[in-house]
Protein chains: 2
Amino acid sequence: MGTTQLESVPEPKYWHLKTVLGEALDTDFSVGEILPNERELAARFGVARATLRQALEQLELEGRLQRRRGVGTTVAPPRVGVDVSTTQAQWPGSGEEAWNPVDCTLVVPPAAVARLLDPDRGADEPVHTVRRLRMTHGQAVAAEQLYVPARSVPDLTAIDAPSGAARARGVLRELQRLTLEGQDRAVELGSARADDAKELDRLPGAPVLLVTTRYLTDGRTAAVSVATYRADTCRLTFGDAGDFGIAS
Amino acid sequence: MGTTQLESVPEPKYWHLKTVLGEALDTDFSVGEILPNERELAARFGVARATLRQALEQLELEGRLQRRRGVGTTVAPPRVGVDVSTTQAQWPGSGEEAWNPVDCTLVVPPAAVARLLDPDRGADEPVHTVRRLRMTHGQAVAAEQLYVPARSVPDLTAIDAPSGAARARGVLRELQRLTLEGQDRAVELGSARADDAKELDRLPGAPVLLVTTRYLTDGRTAAVSVATYRADTCRLTFGDAGDFGIAS
DNA sequence: GAGTGGTCTAGACCACCAT
DNA sequence: TGGTGGTCTAGACCACTCA
């Protein structure tokens, strides 16, 4: 009989679909090219649209596709490598990175952040919160929330604006007067909060890489940064040489 | 009228559901506790099961839930921090890490890996491939594929077994005789290949953190490692102090 | 065998973008 | 206004675990 081999453990349709589509992307499409719409693709493969979408979601997770509502699905360029190494410890805002201060307000930090800050700080005590965006090629790739307890910037004058980018720069300037003793960093998977998603041009809940940094000075935590990187377009790089990586 | 405020931009049901469930997890459940099954939860919230699942998927992505087929949905413990820092450069297998050599074979590396290896290497030339598992608390948290070109281990004798864990240890031993000049590292989001998924006790396609390391010696790439970490249970830590992190 | 999560279907409507 | 991807429904069946 001319039947193909029966799979003893058949793989799911969407998984097989993902493989087929992935190969087609390599051979039949070039970066930026737009794919047929979901309804047509589903019909072409003989599956329900939901099943097709499951395959597309995986490919998007792996950074191979980019989908935009009202526009279509396009072939994504390779992920950009963004350097997040900590070879020489330095304060945020020094050494001219690609970070762009946006705003600064006083907020009560979330519990998870409060745990990392000075333990003998009042639990509900607000801290300075600097908001920054990391730009690459005109695109925002990361949004950061930097939490700075008042005691870390005692000389912050009232001359600076009470909020806004000017005050953000003021807080960073004051931070740099402290002696940085070290920093810790952690990377984990998360989903974009509504405000981050908006600035990163993604939908809420989009997968992101959370980079948490603790700045240490004088035996205590002087500041905590939580940076939200687009997981679809970014590859975080550490170390000396830099530009490389593996697409899944 | 007693209506609640009309949202000008109503958030999706699954998003609201995720928020409600997330708060319930904090207050009404403890780690390891089992949730009602999906059909009952969906009925209780008055939504279709698919919508409820969308919310559960997000919470699982954030490491707050653990779902196992045939068993149920449980409240996940906080993510474990696994150290992947490169403060002092060292070869894999030295300094007794939690890595467990499993096997060693000869394979032609995938194109993405071949690009990182020695450029004047034959394109289809097979390389030694060491397979290792990283164990934590009796659980596999990462699976690694280490690609070692033959020229990096010229003295590898035929006395070692042709494959298996013994040969894997032999390759690692030979590697450590080289002078390590530096290493690069990159972290990105991926989805688990079938073989990795099996060893990590996940379904294929599960979100993982891909850690790619390039080992440099004598001005060239002596080895390339691609480690696949469970994104749901792991937080990758860098730097001195170590144990901290933010749940999304 | 009972109960769980995983896959899949065939529809519907909505939010957004371009023209 | 027409076309896109995003959300949602109400079902069905399958693969797996465990008593």
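Letters go in sequence order (proteins before strands), and every chain restarts at 1.
Here the closest non-hydrogen pair linking B:R193 and B:D195 is NH2-OD2, 2.6 Å. Closest non-hydrogen pair, A:Y147 versus A:T129, comes out as CD2-OG1, 3.8 Å.
In this pair, A:W99 and A:Y229 present their aromatic rings perpendicular. The plane angle is above 60°, beyond the 30 to 60° band.
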Which protein N or O atoms sit under 3.5 Å from an N or O of nucleotides 9-11 of chain D?
from	atom 1	to	atom 2	distance (Å)
D:dT9	OP1	B:K13	NZ	2.9
D:dT9	OP2	B:A48	N	2.8
D:dT9	OP2	B:T51	OG1	2.4

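The distance from atom OH of B:Y14 to atom P of D:dT7 is 4 Å, rounded to the nearest whole Å. When rounded to the nearest whole Å, the span between CD of A:E57 and P of C:dG6 equals 15 Å. For the pair B:L41 CG and C:dG6 C1', the interatomic distance rounds to 16 Å; values are reported in whole Å. Rounded to whole angstrom, the span from the CG atom of A:L203 across to the C1' atom of D:dG5 amounts to 9 Å. When rounded to the nearest whole Å, the span between NE2 of A:H16 and P of C:dT7 equals 16 Å. The nearest whole Å value for the distance from the CG atom in A:D201 to the P atom in C:dC17 is 9 Å. D:dT4 atom C1' lies 14 Å from atom CD of A:E60, rounded to whole Å.
Within residues 30-39 of chain B, the residues approaching DNA chain C are B:N37, B:E38, B:R39, by heavy-atom distance under 4.0 Å. Shown for residues 69-77 of chain A: residues whose heavy atoms fall under 4.0 angstrom of DNA chain C, namely A:R69, A:G70, A:V71.
Remark: A:D184 engages A:R214 in a salt bridge, criterion side-chain N to carboxylate O under 4.0 Å. Under a 4.0 Å N-O distance rule, the pair B:R134/B:D83 does not qualify as a salt bridge.
No engagement by B:L56 is indicated, since no non-hydrogen atom pair under 4.0 Å with the nucleic acid exists. Using a 4.0 Å heavy-atom distance criterion, A:R53 is classed as a base contact.
A donor-acceptor distance shorter than 3.5 angstrom exists from the side chain of B:E33 to the backbone of B:S30, with no hydrogens or angles considered.
When side chains are defined from C-beta on, B:L236 does not count as touching B:R79, because their heavy atoms never get closer than 4.5 Å.
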